[in-house]
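Following: one structure in structure tokens, then a few remarks.
Basis for what follows: all heavy atoms, side chains included, without hydrogens, waters or symmetry-related copies.
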Amino acid sequence: KLYCFVYTPKMSLQSYIQHTRSKKEELQLFWSLLSQKKQLSFSTKSITAQGIITNIGQEKVKVTQNEKTLLFEEQGHWIVNQKLSGAFANTFRWTLEEMNYKITLEHLRYGRSRPVFLFQLTPTKPFTLEPIDAHLCVSDTYLGSIFWSDSSIEFQWRIIGPSKNDTLIYLYT
């Protein structure tokens with residue numbers, strides 16, 4: 001956890017009760033919007049010893065929904081010189097935990113029975129979800145914050161470690 005600090009301010013009991021009510025409403029609104037997403041565009045920026053490397057891509061999102069779980073099967077292409085190049089795919093599982101005011105995000109790179117835990121996200125203010133804690137992968141730290149509106153969801157990732165300094169921005173529409 002060399003690269004992470006998640007600050008949680010102290011609040012009065014009355015403020016906490018009001019905040020937890022609004023957290024539940026925020027989660028329900030976000031969950032409803034998330035289930036409707038069909039497209040993803042994204043950009044990546046890596047800072048390396050050789051300089052800054054930037055890439056962009058587009059994906060289609062197939063959403064499968066159960067009561068408290070959304071499965072995002074994403075298939076797309078990198079875009080190089082305004083042309084589609086290099087196909088790739090990702091699968092993510094989002095799980096709503098209303099009673100705990102959080103959403104768990106897992107990457108299913110090894111299949112549905114062997115998920116890779118990424119984050120638990122919780123509402124921190126209107127239209128914002130932030131991680132409860134960072135995801136640690138060997139010596140790398142992954143952080144992710146979500147900012148959303150009625151029409152789109154922006155998921156900003158940071159990956160920081162001894163050999164990584166990456167920013168990823170996913171825009172679901």
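Note: L96 CG to L27 CG = 6.0 Å, rounded to the nearest 0.5 Å. Atom CG of residue L40 and atom CD1 of residue I153 lie 10.5 Å apart, to the nearest 0.5 angstrom. Note that the CZ atom of F155 and the CG atom of L105 stand 5.0 Å from one another [nearest 0.5 Å]. Atoms CZ and CD, on F88 and E74 in that order, are 8.0 Å from each other to the nearest 0.5 Å. The distance from the NZ atom of K60 to the CD atom of Q75 is 11.0 Å, given to the nearest 0.5 Å. Between the CG atom of L168 and the CD1 atom of I159 there is a distance of 5.0 Å, given to the nearest 0.5 Å.
Of the possible polar contacts, one joining the T122 side chain to the Y101 backbone as a donor-acceptor pair under 3.5 Å is found.
Considering every non-hydrogen atom in both C137 and Y142, the closest pair reads CB-CE1, 3.8 Å. Looking at every heavy atom in both residues, T141 comes nearest to A134 through CG2-CB, 3.6 Å.
Residues W94 and V63 share a single hydrophobic cluster, defined by chaining ILVMFWY side chains whose heavy atoms lie under 4.5 Å apart. Both L33 and V61 are assigned to one and the same hydrophobic cluster, defined by single-linkage of ILVMFWY side chains at heavy-atom distances under 4.5 Å. Residues L29 and I146 fall within the same hydrophobic cluster, defined by Ile, Leu, Val, Met, Phe, Trp and Tyr side chains chained together at heavy-atom separations under 4.5 Å.
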Residues 47-57, side-chain donor-acceptor partners within the protein, below 3.5 Å, at least two apart:
from, atom 1, to, atom 2, distance (Å)
T48, OG1, Q50, N, 3.2
T48, OG1, Q50, OE1, 3.4
T48, OG1, G51, N, 3.3
T48, OG1, G51, O, 2.9

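One side chain, T104 or E97, offers a donor N or O that lies under 3.5 Å from an acceptor on the other.
Side-chain contact between I103 and T95 is absent, with no heavy-atom pair separated by less than 4.5 Å. Residues P115 and R93 have side chains in contact (heavy-atom distance under 4.5 Å, counting atoms from C-beta outward). Using a 4.5 Å heavy-atom cutoff, the side chains of S145 and L129 are not in contact. Using a 4.5 Å heavy-atom threshold, the side chains of L34 and F72 count as touching.
Applying the salt bridge (charged side-chain N to carboxylate O under 4.0 Å, His left out) test to residues at least two apart or on different chains, the pairs with a partner in residues 159-168 are D140-K164. Sequence neighbours left out, not one pair with a member in residues 147-160 passes salt bridge (charged side-chain N to carboxylate O under 4.0 Å, His left out). Applying the side-chain hydrogen bond (donor to acceptor under 3.5 Å, both in side chains) test to every pair with at least one member in residues 29-40, sequence neighbours left out, gives no pairs at all.
Each of F147, W148, F30 was checked for a ring-ring contact (aromatic ring centres under 6.0 Å, His included) with F127, and the lone residue meeting it is W148.
In this view, S113 satisfies the side-chain contact (heavy atoms from CB on, under 4.5 Å) rule with no residue, not counting sequence neighbours. E59 is linked by a salt bridge (charged side-chain N to carboxylate O under 4.0 Å, His left out) to nothing, counting only residues two or more places apart in sequence or in another chain. Checked against salt bridge (charged side-chain N to carboxylate O under 4.0 Å, His left out), K68 has the following partners two or more places apart in sequence or in another chain: E98. Residues passing the side-chain contact (heavy atoms from CB on, under 4.5 Å) test with S85, sequence neighbours excluded: V80. Under the rule for a side-chain contact (heavy atoms from CB on, under 4.5 Å), the partners of E73 that lie at least two apart in sequence or sit in another chain are K62, T64, L71, T91, R112. By the side-chain contact (heavy atoms from CB on, under 4.5 Å) test, H77 is found to be paired with L84, A87, residues two or more places apart in sequence or in another chain being considered.
You'll find the ring centres of F42 and W78 inside the 6.0 Å limit. Aromatic pair Y170/W157: ring centres closer than 6.0 Å.
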Passes side chain to side chain contact (heavy atoms under 4.5 Å, CB included), L121 versus K102? Steps please. CA-CA 5 Å; L121 299 149; K102 63 185 175 186; over 6 Å; no

For T124 and E130: C-alpha separation, side-chain torsions, deciding distance, then whether side chain to side chain donor-acceptor pair (under 3.5 Å) applies. CA-CA 6 Å; T124 55; E130 294 182 309; 3.0 Å; yes

Start with the C-alpha distance between S152 and Y172, add both sets of side-chain angles, then the distance that settles side chain to side chain contact (heavy atoms under 4.5 Å, CB included), and finish with yes or no. CA-CA 6 Å; S152 65; Y172 291 100; over 6 Å; no

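When hydrophobic residues (I, L, V, M, F, W, Y) are linked wherever their side-chain heavy atoms come within less than 4.5 Å, the members clustered with Y110 are V116. Side-chain heavy-atom separations under 4.5 angstrom define the hydrophobic clusters, and V138 shares its cluster with no other residue.
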